[in-house]
Novice: 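Quick one: this structure, given as structure tokens, is what I'll be asking you about.
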Protein chains: 2
Amino acid sequence: MGKLTREAVVERALEIGDAEGLQAVTIRRLAQELGVTPMALYWHFKNKEQLVVGMADHLIEDFEITPDGSRPWQEQLRELVGRLVRMLRRHPCAEAVLEEVDKMEVPAFLRVWDTALGLALRARFGARESCLITRYILQGAIALAGGSVEHRRCVPDEERAEHVRLKRVRFQSLPPDTYPNIVRMAVPLTERGDAELYDTFGVDLLLAGIESMAARLDG
Amino acid sequence: MGKLTREAVVERALEIGDAEGLQAVTIRRLAQELGVTPMALYWHFKNKEQLVVGMADHLIEDFEITPDGSRPWQEQLRELVGRLVRMLRRHPCAEAVLEEVDKMEVPAFLRVWDTALGLALRARFGARESCLITRYILQGAIALAGGSVEHRRCVPDEERAEHVRLKRVRFQSLPPDTYPNIVRMAVPLTERGDAELYDTFGVDLLLAGIESMAARLDG
DNA sequence: ACCTGAACACCGTTCAAGT
DNA sequence: ACCTGAACACCGTTCAAGT
């Protein structure tokens with residue numbers, strides 16, 4: 001039996017979170033699955049908050065950002081956001097984790113933020129604008145990519161389809177005079193198939209806004 | 001003593017949430033403050049989830065959106081987002097509430113969404129793009145406006161300033177070789193004074209992205 | 001250094017019962 | 001219709017103690 005290590009705990013926590021949602025990640029539950037007493041975890045983490053910080057850090061730590069002065073900042077920013085988005089897709093609980101933690105306490109997140117700041121400055125945004133822009137794009141990417149994930153438990157496709165069908169019916173049976181557009185667009189609203197379109201469109205939107213603001217600075 | 005009404009419960013819950021954070025909003029705590037047994041709340045709400053739905057609905061219900069075909073869609077969209085943002089500023093717990101609930105279950109949110117959908121369609125976006133855009137702008141506004149709020153308890157200015165100073169020091173004492181930009185920009189990063197600039201810039205960014213995408217459709 | 005056991009103060013929720 | 005009382009199965013966390 002391998003001993004209880006910080007990493008093992010965090011990885012197990014992420015497994016539970018991805019499978020059943022972050023609210024299922026519990027000190028007691030975690031301890032039980034690891035074959036250990038709940039208090040054992042308190043040796044490795046000061047409290048539950050620090051455990052979630054550990055989860056967030058583990059989610060972002062392998063991003064390997066290499067700022068490269070020879071490539072355009074738009075391209076690099078897009079790459080950075082792309083990695084964030086793909087990670088959020090892979091881990092259903094990532095959005096919840098990143099919303100719950102104080103991101104300032106997550107070293108890996110600070111590194112990503114630092115890279116983004118460098119790119120914004122290179123785009124000739126001022127100090128304040130760069131701060132706002134980077135907050136905006138990172139937060140926006142989390143909200144956007146996370147929002148398109150069913151962060152419930154991993155369900156068999158059949159049950160997922162049933163869930164979609166139910167939501168669609170709910171939309172269609174709303175009073176059409178107060179919700180005309182939602183009733184009419186119940187189908188596209190509940191479609192979730194083309195995650196790829198969603199990703200590129202979302203990222204395009206984020207970056208179009210930033211480029212547009214950058215152009216104003218230059219003009 | 002007025003009787004226990006759904007509205008009174010929701011309002012009290014929002015007071016607690018704004019003052020001490022959503023995690024302080026507890027069935028038992030709420031019951032105690034209302035001078036009633038915890039189980040009494042279960043007569044008015046099926047469970048805690050429905051209570052939070054009630055909170056979300058109450059936060060958005062008085063938005064009074066009047067779609068007006070004679071005004072440009074950009075203007076109306078900006079107004080809609082502006083209301084969302086101002087509400088999020090007024091209520092420190094609003095972001096947490098809106099993140100926790102299933103927004104599809106909040107009637108007032110569905111009305112806002114319906115209005116936004118109408119505006120997107122008027123901007124000549126297709127059905128799918130309109131769905132994405134409206135999700136994007138509503139979610140983005142929540143994340144952006146909420147992110148600039150200290151959603152801890154309402155603290156006296158003095159303690160708040162101390163908190164900012166502490167964060168700044170933490171940034172400045174990070175290893176400058178791994179976090180060069182964060183160290184250098186510790187001051188603007190922790191500045192929080194001009195909420196107004198933050199708001200307009202954030203909303204501008206959101207709308208610049210959307211207008212830019214709309215222009216591509218026309219071009 | 002690393003883990004256990006017992007205990008404390010909290011949760012949400014159910015169910016039967018009161019008025 | 002509206003609320004209470006007792007109980008159940010959970011939490012996170014502390015503190016003293018074991019090895």
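The sequence lines fix the lettering, A, B, ..., with proteins before strands; numbering per chain opens at 1.
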Novice: Taking it one step at a time, do A:Asp18 and A:Arg90 satisfy salt bridge (Lys or Arg N to Asp or Glu O under 4.0 Å)?
Specialist: CA-CA 9 Å; A:Asp18 282 338; A:Arg90 263 201 315 271; over 6 Å; no
Novice: Measure from the side-chain N and O atoms of A:Gln76 to the backbone N and O of A:Asp68, and report whether any donor-acceptor pair falls under 3.5 Å.
Specialist: yes
Novice: Going by purine N1 to pyrimidine N3 plus the second Watson-Crick contact, or the G-U wobble pair, all under 3.5 Å, which nucleotide sits opposite D:dT19?
Specialist: C:dA1
Novice: Find the partner of C:dT13: check Watson-Crick (N1-N3 plus N6-O4 or O6-N4) and G-U wobble (N1-O2, O6-N3) distances, both under 3.5 Å, and reply none if neither fits.
Specialist: D:dA7
Novice: Look at the side chain of A:Lys167 and the backbone N and O of A:Leu189, then say whether any donor-acceptor pair between them is shorter than 3.5 Å.
Specialist: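 Checking the backbone N and O of A:Leu189 against the side chain of A:Lys167, no donor-acceptor pair under 3.5 Å is found.
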Novice: Under 4.0 Å, heavy atom to any atom of DNA chain C: which of residues 28-41 of chain B qualify?
Specialist: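 Residues of residues 28-41 of chain B under 4.0 Å from DNA chain C: B:Arg28, B:Met39.
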Novice: Return yes if some donor-acceptor pair links the side-chain N/O of A:Thr37 with the main-chain N/O of A:Met39 below 3.5 Å, else return no.
Specialist: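 Checking the backbone N and O of A:Met39 against the side chain of A:Thr37, no donor-acceptor pair under 3.5 Å is found.
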Novice: Got a donor-acceptor contact below 3.5 angstrom from the B:Gln23 side chain to the B:Glu20 backbone?
Specialist: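 Judged by distance alone, yes, a pair lies under 3.5 Å.
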Novice: Is it true that a side-chain atom of B:Asp114 and a backbone atom of A:Asn181 form a donor plus acceptor pair closer than 3.5 Å?
Specialist: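 Checking the backbone N and O of A:Asn181 against the side chain of B:Asp114, a donor-acceptor pair under 3.5 Å is found.
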Novice: Can any side-chain N or O of B:Lys103 pair as donor or acceptor with the backbone N or O of B:Leu98 at less than 3.5 Å?
Specialist: yes
Novice: If we ignore hydrogens and angles and just use 3.5 Å, is the side chain of B:Arg6 paired with the main-chain N or O of B:His44 as donor and acceptor?
Specialist: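 Indeed, once roles are kept as given, a pair shorter than 3.5 Å links the two residues.
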Novice: Considering only heavy atoms of chain A and a distance under 4.0 Å, specify the first and last nucleotide of DNA chain D in 5' to 3' order that meet this criterion.
Specialist: D:dC11 to D:dT14
